[in-house]
Each structure stands twice: as C-alpha cells, then as structure tokens.
Amino acid sequence: MEVSEAYRDARDPFERSLSESNLFPLLSEGISVFQMNMGRVCNLSCRHCHVGAGPGRTESMPPRIVDECLRVIERQGYPTLDITGGAPEMNGNYRRLIESAVSLGVSVKTRTNLTILVEDGYRDLPAFFAFNRVEVVASLPYFSSETTDRQRGAGVFNASIEALRALNSVGYGVEGSGLKLFLVYNPCGAFLPPSQRAIEADFRRELKKKFGVSFTGLFTITNMPVGRFLDFLNLSGNFVSYMERLKSSYNPEAAANVMCRNTISVAWDGSLYDCDFNQMLGLKCASGVPDHIRDFDHERLSVRRIVTGLHCYGCTAGAGSSCTGAVVK
Amino acid sequence: METYYNPEDLQKFSTISEGAPLLWKKFSEWYGAVFAEGALTEREKALIALAVAHAVQCPYCIDAYTQACLEKGSNKEQMTEAVHVAAAIKGGAALVHGVQMKNAADKVGM
C-alpha cells in the first residue's frame, strides 16, 4: 500500500514506525493460537495488571461463550488453546473447557498466578493439569519475596513457591516428564526486561538452590502501558520516560514477529480482539471483520489488519514481548 | 529553582556531536563496544559502570546505569554492593594517601 507523505506525518507514531520498517499495515499471518480470556475475576489485585483484575470484578465468561469457542476450535482445527484471565481457574467452566479441548486433540496451555493453586477448592488442579497434559505458564516476577510481593501482594511469593512445589511433585518442570512449566518474569517497575537467557539462568540457579524448585523455561514479558501499570506510570511520573524508552527501543525484527499476527483473542463476552492488550483497551478487530465469536470467520480473520496504537511499542521494544516471551532470540 | 543539573539533559547527550561530529562518532562506536558482552557480561559491565558513576559522582551516569543495571537483570542488592565498592575504593584511596601525610610529617618533624 502506498502512503502519501502528508498522511505519513499525520499518523500515529507506531504506524510510522511500522511504515519505516516496511510492515505497515500490520497484517495477520493466519491463526494458530486461539486465546480465551475467561474473565477479570482474580484472587489477586497485582499492581502491574493490564487487566485490572481482582476479587471485586464480576466479568466471567458464561457457558454459552465457552461452547461457541469450542465449536470454532473444532471447526477450524486450531492446534493451540491459550487460556488466560484474571485467574481463569476461578471460572466455573474452566475444567470443562480444558477437558473438551483436550478431547479435540488441542494442545492446551493455561496461565496461572500460582497462588490460586494453593487455595481451597483448587488444590487438585496440578494433578488435573498433569492428567490432561496441560502446559502451565506461571507468573513469578522475581525469585525473592521482597520484589514479588511488592508487585503482587503480601504473601504471594511464599504461596507461589508452595504451588511450584506442588506442580513439581506431579512432574511439571521435571526433566523427562513431558509436563511443561514455564515461568513468566516481568519487571517490577518502569524498565525493560533483561535478556531472557540471562534472567532464566538466575531464576534456575536461585529457585533450585533456595527452594528446590525446577521449571522448563522462562519468558520475559514487557510491562504494557495499560490498566494498573498505566496507573502506576502516571502516578509515579514515569509515563513519559517509559514511553520514550519503549519507542526508542523499537525493533523491526520484533515487530515482524509480534504474537497478534498468529493469535486471535476472545474476551469473556465473546468479543474478538487482536490481543489481550487491545481487549483491555476496548480496541476490537478492524472494521469489516467479525468482532464476535458468533460471527467467527476464519478466512477473513486470518488476513485481517491488526489494530495498533502507542501501547504496541511495548511488544516491539528490544527483544520484543509476547505471551511466549521474547520474540527475537 | 535553578540547578546545574537537569535530568532532561541526559537525553540530549548526543547533541555534543554538533561541535565535533567525527570525534562523537568515534566515541559512540568505542562506547558501544566497551559495553557489549565480552569476557564480562553486559550485566557485570553495567554494575562496574554504576560503581564508577558513583565514584566520579556523575548524576547522568547514575541515572543511566541504574536503569541499565535493572534492565540487565540486576537488583537493588547487587547495585548497592556495587556502590559500596565505589565507596570503598574512594575511601581507601583517601586513606592510603595518609601514608604520604605520615611521610611528610615525619620528614619535617623532630
């Protein structure tokens, strides 16, 4: 697409960055990851949460939307289901969703804040995950309580270690078991994550030495200027400098590999988005393509234009950021 | 209130090239090579830079290398120890010159 100089100058800065790296307009390259956000209910209220999730929220995916999603997954044969939230475990349809997806031959991964796994009513989930060969992606911002609790709340680190030990006990993160346990690091503040390889080595060493915990791998995720993290940026006076840091770290290679190009994100109410961040910003899929699961059209969605904004500098900074960590290895 | 240092000036560092662009270019290339991974990791170099920043008391460098250390995966415990290293060298350097003081006092004393 040719763009006039006048339009280029008037455009959103991120579109300009894409254009300068020959990526504008950013298009989907097909759908291989079907991501479902089961709602904003959570047992925690983390300070960096882009969802703004917490115990006081009520948004929760109803059974009919879960059923619609399963019908789409089966019809299209999507290989991967990625479950997120809030705390997706707290949705009453969570276990049924996993069992149904597994029965369709879908590879299921679930995101977890870990602490929910040691609460009454959820302690059997590690065994449930293992039985269904679910890939577990667990948030753990650091290997110390001081940093983790500052971001996620008092007692979170200790509860996380207890949960990790429970997961290890059923085989997760244990070599040879085939049960994958990934940890997610995100910075406890307004700075970019370190090299994924370097911080993974730190986590592996410290968690093993101090707590006897093992895991499969680690993902680094950049904090996005959305939700509570945006609130933190504004309240702490870090917004401008953080956005400048993200923008000046724009990496065309990361932009070419952003996760929205192979993912579709379904919200708790069935609305469709390019990613979880667009979901929280209310930026539905581009006009002209279906925006609700009931109208799902794989052919149109798999070639759609991705809706972008300034927040997209978060996923394209440095080594890039995605639900599976750095995109530039 | 007027101050000698403005944090915003750190972002204008490259404007120093206006007086001598070729020298700036050489400096930039060398600077980038210094901080690249080598026998020392990027994190180790950032911690050294942080310590030196405190030793020479450059507020721009302290700001920049605090950020850099965090982005290389360091933490406040490591960074505080690095500051202590700087303090120990600065303090030690002062103290060891006290030997010169003793020598000078002994020379003129009876």
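Lettering follows sequence order; numbering is per chain, from 1. Computation of the quantities below employed the complete heavy-atom set of this structure, encompassing side-chain atoms and omitting hydrogens, waters and symmetry-equivalent molecules.
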Checklist entry - Around atom CZ of A:Arg197, are there more than 12 heavy atoms of other residues, nucleotides or ligands at under 6.0 Å? => result no

Item to check | Main-chain N/O of A:Pro194 paired to B:Glu71 side chain as donor or acceptor, under 3.5 Å | outcome: no

Item to check | Residues B:Lys76 and A:Glu146 bridged, charged N to O under 4.0 Å | outcome: no

Checklist entry - So how far is it from A:Tyr242 OH to B:Gln67 CD, rounded to the nearest 0.5 Å? => result 9.5 Å

Item to check | Candidate pair A:Thr147 and B:Glu77, rule side-chain contact (heavy atoms from CB on, under 4.5 Å), full reasoning | outcome: CA-CA 11 Å; A:Thr147 303; B:Glu77 288 75 22; 5.8 Å; no

Checklist entry - Looking at CG of B:Asn75 and OG of A:Ser144, how far apart are the two atoms once the value is rounded to the nearest 0.5 Å? => result 7.0 Å

Next on the checklist: Are there over 12 heavy-atom neighbours, none belonging to B:Leu40, within less than 6.0 Å of that residue's CG?
Outcome noted: yes

Checklist entry - Do you know which of A:Ile199, A:Asp202, A:Leu192, A:Thr220 has the most heavy-atom pairs with chain B at a distance under 4.5 angstrom? => result A:Leu192

Checklist entry - For B:Glu8, is it the side chain, the backbone, both or neither that has a heavy atom under 4.5 Å from a heavy atom of chain A? => result neither

Item to check | Point-to-point distance, once rounded to the nearest 0.5 Å, from NZ of B:Lys72 to OG of A:Ser195 | outcome: 8.5 Å

Item to check | Portion of A:Pro187 that has a non-hydrogen atom of chain B nearer than 4.5 angstrom | outcome: neither

Next on the checklist: Counting only heavy atoms from other residues, nucleotides and ligands, does the tally under 6.0 Å from OH of B:Tyr5 exceed 12?
Outcome noted: no

